[in-house]
Amino acid sequence: MTITPETQTTFVETLKEVREDFTRLMLSYQFGLDEITTKIRILRDEFDKLHSYNPIEQISTRLKSPESVVDKVSRKGLDPSLDSIRRITDIAGVRVTCSFTADTYRVFEALTRQPDVTVLQVKDYIANPKPNGYRSLHAIVQVPVFLSSRTVNVPVEVQFRTVAMDFWATLEHKIFYKYDGDVPAEVVQKLTESAATAARMDREMEELHETVHGPRDFAHVDRSIKGADISDDVVQRLAQFLAGPSLNPPDTEHLC
Ligand code: 0O2
């Protein structure tokens, strides 16, 4: 093909258009990620500050890179189009690491019962681990993102797992990466065995926790709220403001 000033211009314009469309699309995934992450952070902070037990150990997020989005579209044999990219549901991903197995389901429920969160798909690799031993609860959820002129519904993949499941999956991913997918049979067998060890550890630690602390009560709001860094003076003024001037302090220095 001969390169003329016209074809050159078309090429440059196409690049500009693709860049703009792709940027807009990826930005919507970033916003969806922000919405879901905020919801999970709020749950974590509520559990941490108001409840007697916090099931969330860690929250991490990732946005797939443009290269890996394009790779996934090709791997799935989809047409090279923005509509095909929209069919990839794990462009935005959140990972929630919980203390114990039962916590993964409880945090999943606390997130997915919110009225603006729609569950599109659930893969329960905890109840049904993968053949290599991989365990995690995966959910594709959809959340509305309100832009200045329109609303977009964005899918976000949320993975819920325990610390032990995360430990195993992170190292397994590294080992597979090192072997570039061609993992010797004895390594696969050892990985599967170590997944079973991690699962046993999860069970034992959860049992231990229940033995020491009793069953976890997620609904219970602890009255002795932690982290309330409000001084006694301010609390006294607040109490008098709320209860009225009839509330007289007794002869003690510290009331709260
Ligand atoms: P990354 O780096 O986390 O982005 P689908 O997405 O439905 O087309 P798939 O792969 O069957 O295809 O989805 P699935 O089963 O829900 O798994 C997707 C993600 O789960 C992976 O994302 C991993 O994060 C994690 N995962 C699934 N299986 C394994 C496993 O055997 N070992 C480890 N370590 N992680 C796993 P990505 O995109 O592969 O990677």
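Start at 1 and go down the list; that is how both ligands and their atoms are numbered.
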Participant: Checking a contact table here: which protein heavy atom is nearest atom 36 (C) of ligand 1, and how many Å away?
Facilitator: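 Nearest protein contact, heavy atoms only, for atom 36 (C) of ligand 1 is Tyr134 CE1, 3.3 Å.
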Participant: Run the numbers for me: atoms of ligand 1, each under 4.0 Å from some heavy atom of Tyr125, listed by number.
Facilitator: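 In order of numbering, the contacting atoms are 14 (P), 15 (O).
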Participant: Of Gln159, Arg75, Lys130, Arg87, which has the heavy atom at the shortest distance from atom 27 (C) of ligand 1?
Facilitator: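 Selected option, by shortest heavy-atom distance: Lys130.
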Participant: Testing the 3.5 Å rule here: is there a donor-acceptor pair between the side chains of Thr192 and Asn132?
Facilitator: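 No, no side-chain donor-acceptor contact under 3.5 Å.
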Participant: Where the side chain of Thr104 meets the backbone of Phe100, is there a donor-acceptor pair that is under 3.5 Å apart?
Facilitator: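 Not confirmed, Thr104 side chain does not pair with Phe100 backbone.
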Participant: Quiz question for you: does at least one protein heavy atom lie closer than 4.0 Å to atom 39 (O) of ligand 1?
Facilitator: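 Not a single protein heavy atom is under 4.0 Å away.
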Participant: Identify, for atom 14 (P) of ligand 1, the protein heavy atom at the shortest distance, and state residue, atom and that distance.
Facilitator: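 Atom 14 (P) of ligand 1 sits closest to the protein heavy atom Lys123 NZ, 3.6 Å.
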Participant: Is there a protein heavy atom at a distance of less than 4.0 Å from atom 8 (O) of ligand 1?
Facilitator: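 Neighbour list for atom 8 (O) of ligand 1 includes protein heavy atoms (cut-off 4.0 Å).
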Participant: Return the option from Arg62, His138, Lys72, Gln121 holding the heavy atom at the smallest distance from atom 16 (O) of ligand 1.
Facilitator: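 When every heavy atom of Arg62, His138, Lys72, Gln121 is considered, His138 comes closest to atom 16 (O) of ligand 1.
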Participant: For Ala169, take its heavy atoms, then give the atoms of ligand 1 lying under 4.0 Å from any of them.
Facilitator: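 Contacts of ligand 1 toward Ala169, numbered from 1: 34 (N).
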Participant: Give me the nearest non-hydrogen protein atom to atom 2 (O) of ligand 1 as residue plus atom name, then the distance to 0.1 Å.
Facilitator: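 Atom 2 (O) of ligand 1 sits closest to the protein heavy atom His173 NE2, 4.2 Å.
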Participant: Please say whether more than 12 non-hydrogen atoms of neighbouring residues, nucleotides or ligands are located less than 6.0 Å from CZ in Phe167.
Facilitator: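 No - once you tally the heavy atoms of other residues, nucleotides and ligands closer than 6.0 Å, there are 12 at most.
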Participant: So that I can tick it off, tell me whether Arg203 and Glu207 are bridged by a salt bridge, with the cut-off set at under 4.0 angstrom between side-chain N and carboxylate O.
Facilitator: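 Looking at Arg203 together with Glu207, the answer is no, because their closest N to O distance does not fall below 4.0 Å.
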Participant: Which of the atoms of ligand 1 are close to Glu157, meaning less than 4.0 Å from one of its heavy atoms?
Facilitator: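 Atoms satisfying the 4.0 Å criterion: 16 (O), 18 (C).
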Participant: Please check if the side chain of Thr61 supplies one atom and the backbone of Val94 the other of a donor-acceptor pair under 3.5 Å.
Facilitator: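 No, the answer is negative, given that no donor and acceptor are paired below the 3.5 Å cut-off.
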Participant: Any idea which heavy atoms bring Leu111 and Leu43 closest together, and the distance?
Facilitator: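 Where Leu111 meets Leu43 most closely, the heavy atoms are N-CD1, 4.1 Å.
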Participant: What do we get for Phe176 next to ligand 1 when only non-hydrogen atoms under 4.0 Å count, side chain, backbone, both or neither?
Facilitator: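 Near ligand 1, Phe176 shows nothing, with every heavy atom at 4.0 Å or more.
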Participant: Considering distance alone, does some N or O of Thr170 sit under 3.5 Å from an N or O of ligand 1?
Facilitator: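 No, since none of the N or O atoms of Thr170 sits under 3.5 Å from an N or O of ligand 1.
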Participant: Quick one: which ligand 1 atoms are inside 4.0 Å of a heavy atom on Lys76?
Facilitator: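 Within the 4.0 Å cut-off of Lys76, ligand 1 contributes 8 (O).
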Participant: Is there a polar contact, in the sense of an N or O pair closer than 3.5 Å, between Trp168 and ligand 1?
Facilitator: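 Such a contact does not occur with ligand 1.
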Participant: Tyr134 and Arg161: side-chain donor and acceptor closer than 3.5 Å?
Facilitator: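 Note: Tyr134 and Arg161 side chains meet the donor-acceptor criterion.
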Participant: Just heavy atoms, cut-off under 4.0 Å: does Arg95 contact ligand 1 by side chain, backbone, both, or neither?
Facilitator: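 Contact part for Arg95 vs ligand 1: side chain (C-beta onward).
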Participant: Which of parallel (below 30°), tilted (30 to 60°) and perpendicular (above 60°) describes Phe160 and Phe108?
Facilitator: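 Because their plane-to-plane angle is over 60°, the rings of Phe160 and Phe108 count as perpendicular.
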Participant: Kindly compute the distance separating CG (Asn54) from CZ (Arg44), expressed to the nearest 0.5 Å.
Facilitator: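 These two atoms lie 8.0 Å from each other.
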Participant: Does Tyr53 have its ring centroid less than 6.0 Å away from the ring centroid of His209?
Facilitator: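 Yes: the rings meet the under 6.0 Å criterion.
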Participant: Going by distance alone, is a donor N or O of one side chain under 3.5 Å from an acceptor N or O of the other, for Asp34 and Gln30?
Facilitator: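 Indeed, the side chains of Asp34 and Gln30 share at least one donor-acceptor pair under 3.5 Å.
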Participant: I'd like to check which ligand 1 atoms, numbered from 1 as shown, lie under 4.0 Å from a non-hydrogen atom of Lys64.
Facilitator: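 Counting from 1, the qualifying ligand atoms are 4 (O), 38 (O).
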Participant: Give the residue and atom name of whichever protein heavy atom lies nearest to atom 33 (C) of ligand 1, and the separation in Å to one decimal.
Facilitator: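 Looking at atom 33 (C) of ligand 1, the protein heavy atom closest to it is Glu172 OE1, 3.3 Å.
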Participant: Below 4.0 Å, non-hydrogen atoms only: which portion of Asn132 touches ligand 1? Side chain, backbone, both or neither.
Facilitator: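 Near ligand 1, Asn132 shows its side chain, while the N, CA, C and O stay back.
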